[in-house]
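Structure, as structure tokens:
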Amino acid sequence: MSTPFPFTAVVGQDDLRLALLLNAVSPAVGGVLVRGEKGTAKSTAVRALSVLLPAVDVVAGCRFSCDPGGPDPACPDGPHEAGAHESRAARMVELPVGASEDRLVGALDIERALAEGVKAFEPGLLADAHRGILYVDEVNLLHDHLVDLLLDAAAMGASYVEREGVSVRHAAKFLLVGTMNPEEGELRPQLLDRFGLTVEVAASREPDQRVEVVRRRLAYDDDPAGFAARWADEESAVRARIVAARELLPSVRLGDGALRQIAATCAAFEVDGMRADIVMARTAVALAAWDGRTDVLAEDVRQAALLALPHRRRRNPFDAPGLDENKLDETLEEFGGQGPGADGGDEDPDPDPDPGPDGPGGGGQAPESDGPQGDDAGARPEAAGEGGEPQPSGPGSGEQQPVRAGEPFRTKVLSVPGVGEGAAGRRSRARTERGRTTGSRRPQGALTKLHLAATVQAAAPHQLARGRVGRGLVVRRDDLRQATREGREGNLVLFVVDASGSMAARQRMSAVKGAVLSLLLDAYQRRDKVGLVTFRGAAADVALPPTSSVDAAAVRLESLPTGGRTPIAAGLLKAHDVLRVERMRDPARRALVVVVTDGRATGGPEPVAQAGRAARLFAAEGIASVVVDCESGPVRLGLAGQLAGELGGTAVTLDELRADSIAGLVRDVQGTSRRAA
């Protein structure tokens with residue numbers, strides 16, 4: 001076994017280390033989500049924590065780590081006799097992003113269950129992690145069906161494995177620690193809320209600290225055991241402090257004053273539900289115990305808020321996690337335990353000593369703004385010419401300043417025709433592990449979903465030859481049938497956006513960005529990957545390669561400049577190249593191309609003919625597409641509709657899209673796909 005990097009040797013990252021240590025003191029805090037760029041010691045710190053955790057007592061020989069002081073009565077290895085127990089180190093179990101469902105929850109031998117009535121169960125990672133740490137690197141890339149299983153286990157403290165009425169249950173209480181790079185996509189809100197604390201990490205910009213990081217890492221790589229030995233005293237001191245804090249934890253007093261501050265803070269920041277209040281309370285108690293105190297102070301509440309609330313403030317996927325510390329300080333000061341009732345008395349508290357005419361913190365004045373707000377947020381101070389066309393930002397530049405996106409709206413489903421086999425999602429029909437049963441087949445590999453009727457039908461003709469006696473059915477492995485299910489898959493939604501001068505009218509481009517932003521939000525909710533190609537002037541650019549981060553796409557869209565000619569052919573060819581590369585990386589994921597343009601091809605020689613030839617490449621390969629027609633004015637040429645015909649897709653006007661009526665016109669994108677079943 002390799003020697004882990006010492007926890008106390010990690011340079012900086014104070015919030016990360018504190019959050020991990022608080023969970024070591026009080027696992028009830030609920031785990032840690034570590035967000036940050038690559039190369040910031042996220043995984044190193046998590047792996048190092050496991051060495052500091054106190055040893056656990058387990059029932060000897062139990063594969064499910066039952067506590068000898070109170071063994072699980074439903075343990076598959078039980079019932080356990082009193083007496084035999086052993087002590088071992090707390091485990092840290094890593095869940096690979098590509099793990100199967102059976103690897104996570106365990107596997108049940110269906111053949112023996114049907115033929116012999118025996119529950120032969122092989123434990124999974126959830127059983128291994130019981131009373132330890134379950135670590136998920138790149139947790140934001142975890143498949144949805146595994147996320148669902150994690151949510152169930154985290155909520156119930158137990159794991160259930162069921163196969164056609166045969167079920168096994170075992171305890172699964174673990175400290176959930178996840179790391180992620182936000183550039184690769186965000187977490188589902190349900191899983192995000194399951195993490196008690198969250199921390200943002202970034203590499204230090206201080207040269208001295210970066211030098212120390214490199215120095216320690218090189219020393220560790222040269223001699224891991226020797227490096228760990230030099231930090232042994234510091235590691236032992238932290239381990240002893242964790243044990244002392246755990247012993248002190250039941251004695252820590254959470255007074256009414258601190259509880260009022262916690263409740264007021266959660267209310268002031270409008271977090272959903274009550275989990276934030278509970279997590280803050282547990283974190284504040286753990287902070288006091290970690291500092292060797294038996295009373296929770298205001299500083300504990302403040303630190304608990306900074307760790308427990310930022311990830312619960314997101315209202316949509318384009319919101320960055322964070323907390324306004326000035327507002328936090330004002331709330332804590334206002335509800336700082338001053339006055340009657342703060343210490344648990346019976347008096348009616350008055351939390352608003354002098355709220356003023358406009359409530360606490362008011363003054364009747366709207367806050368000053370650095371820029372336009374509200375409905376006029378899209379307006380810019382640059383001069384505009386006739387017809388509202390923005391003028392170039394520099395002499396002869398031909399480029400206008402970016403305009404803000406219009407208000408996003410709910411769209412209805414655009415889906416790829418046919419039945420795919422891509423990653424689980426919520427957009428197009430696909431053969432998946434979950435969904436409604438549509439038939440059966442012979443299992444390819446391990447049996448995961450038994451089709452009972454088909455299995456019985458396959459075994460029935462052979463009962464006489466197999467010497468069946470009595471009521472039992474003689475089942476062989478060749479009789480087993482896997483259920484085929486149909487659910488939904490996520491697609492690659494590739495936006496090809498016209499940023500030319502003909503699209504540059506402020507009102508039109510704001511509406512275009514609002515429509516694309518709405519479709520990005522829909523893509524986030526449906527677990528799609530997204531990409532962004534823009535074209536203007538004489539060329540096209542990949543503004544964002546295919547990614548699971550719709551946040552990144554929204555940022556690129558917001559800063560998109562406009563101006564110049566309209567090289568539609570270049571945009572389509574660039575998009576075709578992006579799809580070709582992505583198809584090699586992920587051949588099962590089908591694509592939906594959304595072209596946003598007015599159709600007025602003006603870039604290069606014979607621009608209209610070139611655009612038609614490029615579009616026919618998509619039609620020939622059966623790539624599903626839709627054109628959002630941005631043409632406006634009393635005279636319309638219908639060029640976007642012609643482009644849609646060349647693509648083998650369909651066209652929708654921008655007005656129809658903004659009216660939230662796109663699905664009525666495009667329920668399924670027209671066209672065929674070579675990869676459709």
Exercise for review: Please indicate whether Arg565 has more than 12 foreign heavy atoms, meaning atoms of other residues, nucleotides or ligands, lying under 6.0 Å from its CZ.
Suggested key: no
Review point. Which pairs pass salt bridge (charged side-chain N to carboxylate O under 4.0 Å, His left out) with one or both residues in residues 566-577, sequence neighbours excluded?
Key: Asp577-Arg580
Review point. Would a distance-only check, ignoring hydrogens and angles, find a side-chain to backbone donor-acceptor pair under 3.5 Å from Asp541 to Ala543?
Key: no
Exercise for review: For residues Val136 and Leu176, report the shortest heavy-atom separation together with the two atoms involved.
Suggested key: CG2-CD1, 4.3 Å
Check your understanding: Counting only N and O atoms by type, is there a donor-acceptor contact under 3.5 Å from the side chain of Arg205 to the main-chain atoms of Ala203?
Key -> yes
Review point. Can you check whether Phe195's main-chain N or O pairs, donor with acceptor, with His311's side chain at less than 3.5 Å?
Key: yes
Point to revise | Distance-minimising heavy-atom pair for Asn181 and Glu138 | key: N-OE1, 4.0 Å
Practice item. Using atom types as modelled and distance alone, determine if a side-chain donor or acceptor of Gln610 lies under 3.5 Å from a backbone N or O of Pro605. Key: yes
Review point. Would a distance-only check, ignoring hydrogens and angles, find a side-chain to backbone donor-acceptor pair under 3.5 Å from Asp598 to Arg600?
Key: yes
Point to revise | Carboxylate-amine/guanidinium proximity below 4.0 Å for Arg583 and Glu621 | key: yes
Point to revise | Atom of Leu579, atom of Ala591 and distance for their closest heavy-atom approach | key: CD2-CB, 3.7 Å
Point to revise | Short N-O contact, Asp193 and Arg312, less than 4.0 angstrom | key: yes
Exercise for review: Determine yes or no for a side-chain-to-main-chain donor-acceptor pair under 3.5 angstrom, with Thr40 supplying the side chain and Gly36 the backbone.
Suggested key: no
Check your understanding: Would you call Arg590-Glu489 a salt bridge at under 4.0 Å N-O?
Key -> yes
Check your understanding: Going by an N to O cut-off under 4.0 Å, is there a salt bridge joining Lys327 and Glu330?
Key -> no
Exercise for review: Taking the side chain as every heavy atom from C-beta outward, state whether Asp498 and Thr566 have any pair of such atoms under 4.5 Å apart.
Suggested key: yes
Check your understanding: Do Leu572 and Phe535 touch side chain to side chain, with heavy atoms closer than 4.5 Å?
Key -> no
Check your understanding: Which atom pair, heavy atoms only, marks the closest approach of Ala575 to Val496?
Key -> CB-CG2, 3.6 Å
Exercise for review: Say whether, by atom type as modelled, one donor and one acceptor occur between the side chain of Asp528 and the main chain of Asn491 under 3.5 angstrom.
Suggested key: yes
**Study point:** Sequence-distant partners of Asp329, side-chain hydrogen bond (donor to acceptor under 3.5 Å, both in side chains), two or more places apart
**Key:** Arg302
Review point. Between Asp522 and Arg427, is the closest basic N to carboxylate O distance under 4.0 Å?
Key: yes
Exercise for review: Only counting residues at least two apart or in another chain, list the ones meeting side-chain hydrogen bond (donor to acceptor under 3.5 Å, both in side chains) with Lys42.
Suggested key: none
**Study point:** Lys/Arg N to Asp/Glu carboxylate O, Asp14 vs Arg17, below 4.0 Å
**Key:** yes
Review point. Does Val497 reach the side chain of Val533, with side-chain heavy atoms less than 4.5 Å apart?
Key: no
Exercise for review: Measure from the side-chain N and O atoms of Thr198 to the backbone N and O of Leu33, and report whether any donor-acceptor pair falls under 3.5 Å.
Suggested key: yes
**Study point:** Residue Glu606 excluded, over 12 heavy atoms near CD under 6.0 Å
**Key:** no
